[in-house]
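Note sheet for the following structure.
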Amino acid sequence: MAVRMWMVCVLGTLLCQVWISAEPHHNEEELHPQALYPWRNQGKGVVRVKRDWIIPPIRVLENSKQVPEDLVQIKSDKIFTGEVIYKLEGPGVDQEPKNLFEIDDKTGVIRSKRPLDREKYNSFTLKAFALSPSGERLENPTTIEIVVLDQNDNRPAFTQSQFVGTVPEFSVPGTSVMSVLATDADDPMTENAFLSYSIIGQESIPTNAVTKTMFGINNETGAIYTRDVGLDREVVKSFQLKLQVADMGGMGLTREGVAIIHISDINNHAPQFSPATYSMVGVENRKDYEIGRVNVTDKDDRGTGNWEAKYFISNDPDGNFAISTDPATNQGVLTVMKPLDYEAKDEYILILTVENLNALSNKAPNLPVSTATVVVTVVNENEAPHFREDPIQIVVPESVVPGTLLKSNIAFDPDNSDLRYEISRDPERWLDINRDTGDITAKRTFNMRSPNVRNNIYNAVVKVTDADGVSTTATVVITLKETNDFPPQLFPLSGSLCKGAGRTSSGLVVTAVDEDLPPHAAPFTFEMHDDLSINWTVIQVNDTHAVLHPLVELEAGEYVVTVFVSDSGSPVLSAYAQVNVTVCLCDSFGDCKSEAGAVLGSSVGISFIALIIIMASIAVLLLLLLLAVAVTTCGRRHHIKKGTGLLVGESEDDIRDNVFNYDEQGGGEEDENAFNIDLLWNPHDAPSTPGSYYPASCVPRGKQPLRKDTPHNLPSPTYPRRPPADPTDIEDYINDGLEAADNDPNVPPYDTALIYDYEGEGSLAGSLSSIASGSSDGDQDYDYLNDWGPRFKKLANMYDPR
């Protein structure tokens, strides 16, 4: 829908332009050549036209000196009685770059304020507004496009300060060499950026080596090519071309550049021997040494494959010699690869040929392959002794008998000289050698576990010397063959089996090990000794493991099982092993446990739940029995009447009803929240009086704890339990109790915690409370308290202030 509306508006705008151009009468504003009317209204009033004018782009020439310059004028044709104010916004006005354009707010004329640069900003999109004096928009904003026209104000420039290319020598005319490139900041769609390339100068290196024009250039693309023949690298190494690029098709601004063209080498020269004949000397009985060098010349580029030479020997079928190339000098290095024998041949004539590493070009002269002749003279010298093999291979069992001959006739001398043998290296001292014959014998038995034996191989070195003192050494490689030297051993030699309900557990796993190496070790064979272990059997699990299993149900205890184990060696070695097996009752983890634990954990007899029920029943019966004893004991309690030694029942004046906290400020003796002192009563020492009183809170006392640091099997002395009738005899009463305590072995030391569980049988003095006392303080005589010690002296002062 929007596209359709846009097309209708464009069509309406074109019709309006045609109508305006055809109208014979114009008002003053229409006659102005730069006035535009982007807004139209239909009829009178404030009805807005359906479409606005589309103002075509305004073209402005860059770098214009006529500034400020009027570009276009806009007007609003909306009927409005007041003044119209025009505003302009966008890049170049109030956005970067600012202050390039402005608008006359009254006339609507848009001007450029400063010269424009197309290379920085090639166009501007602005918006114009028609406002009332109050700031109300009268029309929709109009878009104004300003296009900056290009001027040829930029010179072309090459993309590189120097272009470098390569062309092979003897290239035919038209061969592409390289391309150069230049750019122009002007508008690429105009002639201002249309470039043309040319070569304006040529210089050869070395100077004046070539004077004719050898290269051309495509003026549109900048491609450089060869124009003439005669590019010989041996004559000219390179060219320096002076380039020029110009815009406007070569008629505008120009810029110069440089191109360096190197002439690359082709293999158009074959190597040539210089000289072609050589004489060299070779020493017999030596190898891998240089005997001489040959030289070649090559005009191709040094250090390349066109210059590097490859040498060949055409008449050495036995391969006694070899020739290689020295990369630095390109010389041929002749080497003796096999020892020469003067007695067999004293002179060699070798024919050498040479060629380049790279194939020869078809432009090279057609010349035959260069050859050279080398005469090698062999010089006789004393030859060193030769071992018949190096290394000397010996294969022997590890249990070889000392003195056994291991190797003989190990060396010879080409000059038939007398030889002398010796052992240069023998870390284990296992070998012996005859000084004259060279026979190698075993000095002692070998040991496969030696740190000098690796992968069953032991290395030694022997040396042979001729009469002139020339010696040669050789390595003796002794391969030791494993022998069956050790019988197998059984592990572990002790273990335990769990005795279950009706049968013994699966068995005890044992393992056999052997110090020998395969094939004299596993697989092992396990057997039982019939005479010693008739109640057991052995079951083989794999090559190294077996299981000892009882044939009958065994009682818990210690058993000795004899197992016969054999290896797979040749000959077979066997051994007896006695395994101590403990048959026991086990817990859930498979560990042996005590008899009590075994009974509890056994599945034979009563089940665990039933056992728990029985134990709980026993505990309830014991609890009932304790309660009965407590009730019986509490029935024997009694109280002593205050102030007398007589036992009375139902006494309300018992002074030991409660025990109070030292820091409690509560309700005194009548406070029911205090601690019941009856818990401190010793029922065993209370007299059995029919009228004794038992408080409701009385509970039976259990067995008193015994100290572990004192003997408990000795009889305890009798303590004076009944206090004296006369208070004056209290000192004797206390001394008697102290003597009895000192002789009691069950009494703990003085500096340990003591158990105070006995409060005595009552007091003849009755209650100390003045409230419960039947007599006044004046009727009492407290002088005897002074005789009790310093602790009771203060109490005596309180009751007898005299």
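- Taking 4.0 Å as the cut-off between side-chain N and carboxylate O, Arg111 and Glu69 do not count as a salt-bridged pair.
- Residues Asp301 and Asn306 bring no donor and acceptor atom of their side chains to less than 3.5 Å of each other.
- For NZ of Lys310, the number of neighbouring non-hydrogen atoms (other residues, nucleotides, ligands) closer than 6.0 Å is greater than 12.
- Listed here is the closest heavy atom pair of Phe239 and Ser204: CE2-CB, 3.7 Å.
- The two residues Glu169 and Asp265 make their nearest non-hydrogen contact at OE2-OD1, 2.9 Å.
- The shortest side-chain heavy-atom distance between Asp318 and Tyr348 does not fall under the 4.5 Å cut-off.
- Within a 6.0 Å radius of CZ in Arg293, more than 12 heavy atoms belonging to other residues, nucleotides or ligands are found.
- Atom CG in Leu352 sits 8.5 Å away from atom OG1 in Thr371 (nearest 0.5 Å).
- The two residues Asn152 and Gly252 come nearest to each other via the heavy atoms ND2-CA, 4.3 Å.
- In this structure, a donor-acceptor pair under 3.5 Å is present between the side chains of Glu428 and Ser450.
- From Asn63, atom CG reaches atom CG of Asp153 across 4.5 Å, with rounding to the nearest 0.5 Å.
- Of the N and O atoms on the side chains of Asn154 and Glu119, at least one donor lies less than 3.5 Å from an acceptor on the other residue.
- Considering only heavy atoms from C-beta on, Leu243 stays 4.5 Å or farther from Val258 through its side chain.
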Report task. Given side chain to side chain donor-acceptor pair (under 3.5 Å), test Asp298 with Asn356 step by step and report yes or no. Result -> CA-CA 9 Å; Asp298 196 320; Asn356 285 127; 2.8 Å; yes

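- Using bins of under 30°, 30° to 60° and over 60° for the plane-to-plane angle, the ring pair Phe273/Tyr311 lands in the tilted bin.
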Requested in this report: Show your reasoning for whether side chain to side chain contact (heavy atoms under 4.5 Å, CB included) applies to Tyr278 and Asn295.
Outcome: CA-CA 10 Å; Tyr278 301 87; Asn295 299 317; 4.1 Å; yes

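- A donor and an acceptor atom, one from each side chain of Arg114 and Asn99, are nowhere located under 3.5 Å apart.
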Query raised in the report: Does the pair Thr335 and Glu290 meet the rule for a side chain to side chain donor-acceptor pair (under 3.5 Å), with working shown?
Result: CA-CA 4 Å; Thr335 306; Glu290 177 183 336; over 6 Å; no

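- The aromatic rings of Phe158 and Phe163 lie perpendicular to each other, with more than 60° between the two planes, well past the 30° mark.
- Contact of the Leu431 side chain with the Arg425 side chain is not registered, since no non-hydrogen atoms from C-beta on lie closer than 4.5 Å.
- Using a 4.5 Å heavy-atom cutoff, the side chains of Asn320 and Leu340 are in contact.
- Here Glu234 does not pair with Lys299 in a salt bridge; the nearest charged N to carboxylate O distance is not below 4.0 Å.
- A donor-acceptor pair is defined here as one N or O able to donate and one able to accept, closer than 3.5 Å; no such pair exists between the side chain of Glu284 and the backbone of Lys345.
- Here the CG atom belonging to Leu350 is positioned 7.0 Å from the CD1 atom belonging to Ile291, to the nearest 0.5 angstrom.
- Of all heavy-atom pairs between Arg429 and Lys443, the closest is O-CD, 3.7 Å.
- Contact annotation: the side chain of Ser408 never approaches that of Thr437 to less than 4.5 Å [non-hydrogen atoms, C-beta and beyond].
- Classified by interplanar angle (parallel below 30°, tilted 30° to 60°, perpendicular above 60°), the ring pair Phe124/Phe101 is perpendicular.
- Taken from CZ in Phe194 to CE in Met248, the straight-line distance is 11.0 Å, to the nearest 0.5 Å.
- Within 6.0 Å of atom NZ in Lys363, more than 12 heavy atoms from other residues, nucleotides or ligands are found, so the atom counts as buried in its surroundings.
- Around the CG atom of Asp288, the shell of radius 6.0 Å holds more than 12 heavy atoms that belong to other residues, nucleotides or ligands.
- Closest approach of Ser417 and Ala467 over heavy atoms only: OG-N, 2.9 Å.
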Requested in this report: Could you give me the CA-CA distance, side-chain angles and deciding distance for Thr213 and Asp228, then say whether side chain to side chain contact (heavy atoms under 4.5 Å, CB included) is met?
Outcome: CA-CA 7 Å; Thr213 303; Asp228 207 340; over 6 Å; no

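- Two rings, from Phe215 and Tyr225, have their centers 6.0 Å or more apart.
- With no hydrogens or angles considered, no side-chain donor-acceptor pair links Asp187 and Thr190 at under 3.5 Å.
- Using a 3.5 Å distance cut-off with no hydrogens or angles, the side chains of Thr297 and Gln272 do not pair a donor with an acceptor.
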Query raised in the report: Between Val374 and Leu334, is a side chain to side chain contact (heavy atoms under 4.5 Å, CB included) present by the stated rule, with each step listed?
Result: CA-CA 10 Å; Val374 179; Leu334 193 62; 3.8 Å; yes

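- For the pair Phe387/Ile392, a side-chain contact is recorded, criterion being any heavy-atom separation below 4.5 Å from C-beta on.
- The 12-atom threshold is not exceeded at CD of Gln66, counting heavy atoms of other residues, nucleotides or ligands nearer than 6.0 Å.
- No donor-acceptor contact under 3.5 angstrom links the side chains of Asp184 and Asn192, judged on distance only.
- Met178 pairs in a side chain to side chain contact (heavy atoms under 4.5 Å, CB included) with only one of the listed residues (Val167, Val164, Ile224, Leu241), which is Ile224.
- Atom NZ of Lys120 has 12 or fewer heavy atoms from other residues, nucleotides or ligands within 6.0 Å.
- With contacts defined as side-chain heavy-atom distances shorter than 4.5 Å, the pair Pro385/Phe412 does not qualify.
- Separation of atoms CG (Asp413) and CG (Asp466) is listed at 5.0 Å; rounding is to 0.5 Å.
- Under a cut-off of 6.0 angstrom, the local environment of CG in Asn315 is crowded, with over 12 non-hydrogen atoms contributed by other residues, nucleotides or ligands.
- Other residues, nucleotides and ligands contribute over 12 non-hydrogen atoms within 6.0 Å of the CZ atom of Arg449.
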Requested in this report: Evaluate the criterion side chain to side chain contact (heavy atoms under 4.5 Å, CB included) for residue pair Thr465 and Val470; output intermediate values, then yes/no.
Outcome: CA-CA 6 Å; Thr465 307; Val470 180; over 6 Å; no

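- Counted by atom type alone, Asn358 and Asn267 present zero donor-acceptor pairs between their side chains at under 3.5 Å.
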